[in-house]
Amino acid sequence: MKTIKVSVVTPDGPVYESDVDMVSTKAQSGELGILPGHIPMVAPLQIGAVRLKNGGNTELLAVNGGFIEVRPDQVTILAQSAEQSEGIDIERAKSAKQRAEQRLADQKRDNIDAKRAELALQRAVNRISVAERRI
Ligand code: ATP
């Protein structure tokens with residue numbers, strides 16, 4: 001069976017590289033499912049999970065935005081941050097979630113950057129779901 005090469009790269013370096021059967025993730029325009037031989041494309045990603053199917057195995061990564069570039073034999077994901085599910089510190093993500101929720105709740109009193117807090121909340125919720133494999 002044909003496979004497709006996947007590389008996930010962040011400013012800190014490569015996070016993941018492997019040959020897989022299928023890549024699924026959420027672009028800003030909606031769900032993407034990529035099989036070997038997919039037509040070339042580039043799309044911006046949401047803060048979300050990347051699911052990598054390989055035989056009976058499914059690997060999950062938490063990806064913080066960025067872009068996906070698809071070629072028939074290669075998928076490259078460039079993101080500000082990305083973690084494999086087993087590399088996620090769930091307690092850190094829970095603290096980040098609490099901090100962001102507190103900031104959003106304090107919004108009316110303080111002049112807090114709501115968009116920034118909302119994005120921090122999305123990153124934390126995504127990391128928790130990926131770490132707990134609730135995607
Ligand atoms: P925090 O407030 O906990 O730093 P954050 O969402 O602001 O969270 P980012 O700026 O997205 O963090 O990421 C900074 C670096 O820390 C990246 O290398 C990212 O992979 C890593 N990182 C962030 N949160 C976690 C986590 N819960 N587990 C593992 N690595 C994490």
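All ligand and atom numbering here is 1-based and tracks the order in the structure. We count residues from 1, following the sequence as given. We use all heavy atoms of the structure for the numbers below, so side chains are in, but hydrogens, waters and symmetry mates are not.
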Chemist: Students should be able to answer this: which protein heavy-atom is nearest to atom 7 (O) of ligand 1, and at what distance?
Modeler: Arg123 NH2, 3.2 Å

Chemist: At less than 4.0 angstrom from any non-hydrogen atom of Asp89, what atoms of ligand 1 do you find?
Modeler: 26 (C), 27 (N), 28 (N), 29 (C)

Chemist: What is the nearest protein non-hydrogen atom to atom 18 (O) of ligand 1, stated with its residue, atom name and distance?
Modeler: Asp12 OD2, 3.2 Å

Chemist: List the residues meeting salt bridge (Lys or Arg N to Asp or Glu O under 4.0 Å) with Glu101, not counting sequence neighbours, and say none if there are none.
Modeler: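 Glu101 satisfies salt bridge (Lys or Arg N to Asp or Glu O under 4.0 Å) with Lys97 only.
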
Chemist: Establish whether atom 28 (N) of ligand 1 and some protein heavy atom are separated by less than 4.0 angstrom.
Modeler: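 Within 4.0 Å: yes, protein heavy atom nearby.
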
Chemist: Among all protein heavy atoms in this structure, tell me which lies nearest to atom 14 (C) of ligand 1, with the distance rounded to 0.1 Å.
Modeler: Arg92 NH2, 4.1 Å

Chemist: Just to confirm my output: which protein heavy-atom neighbour is closest to atom 12 (O) of ligand 1, and how far is it?
Modeler: Arg127 NH1, 3.7 Å

Chemist: With a sphere of 6.0 Å drawn around CD of Gln80, does it hold more than 12 non-hydrogen atoms of other residues, nucleotides or ligands?
Modeler: no

Chemist: Can you list the other members of the hydrophobic cluster that holds Val20, where links are side-chain heavy atoms under 4.5 angstrom apart?
Modeler: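 Members besides Val20, by chain and number: Ile4, Val6, Val8, Val15, Tyr16, Val23, Leu32, Ile34, Met41, Leu45, Val50, Leu52, Leu61, Val63, Ile68, Val70, Val75, Ile77.
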
Chemist: Tell me, which protein residue and heavy-atom name are nearest atom 2 (O) of ligand 1, and how many Å apart are they?
Modeler: Arg99 NH2, 2.7 Å

Chemist: How far is atom 19 (C) of ligand 1 from its nearest protein heavy atom, and which residue and atom is that?
Modeler: Glu83 OE2, 3.1 Å

Chemist: If I take atom OG1 from residue Thr76 and atom NZ from residue Lys5, how far apart are they, to the nearest 0.5 angstrom?
Modeler: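 It is 8.5 Å, given to the nearest 0.5 Å.
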
Chemist: Specify the protein heavy atom at minimum distance from atom 17 (C) of ligand 1: its residue, its atom name, and the distance to 0.1 Å.
Modeler: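 Ranked first by proximity to atom 17 (C) of ligand 1 is Ser81 CB, 3.9 Å.
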
Chemist: Please verify whether a non-hydrogen atom of Gln80 lies at under 4.0 Å from ligand 1.
Modeler: no

Chemist: Contact between Ala120 and ligand 1, counting heavy atoms under 4.0 Å?
Modeler: no

Chemist: Any side-chain donor-acceptor pair under 3.5 Å between Ser24 and Glu31?
Modeler: no

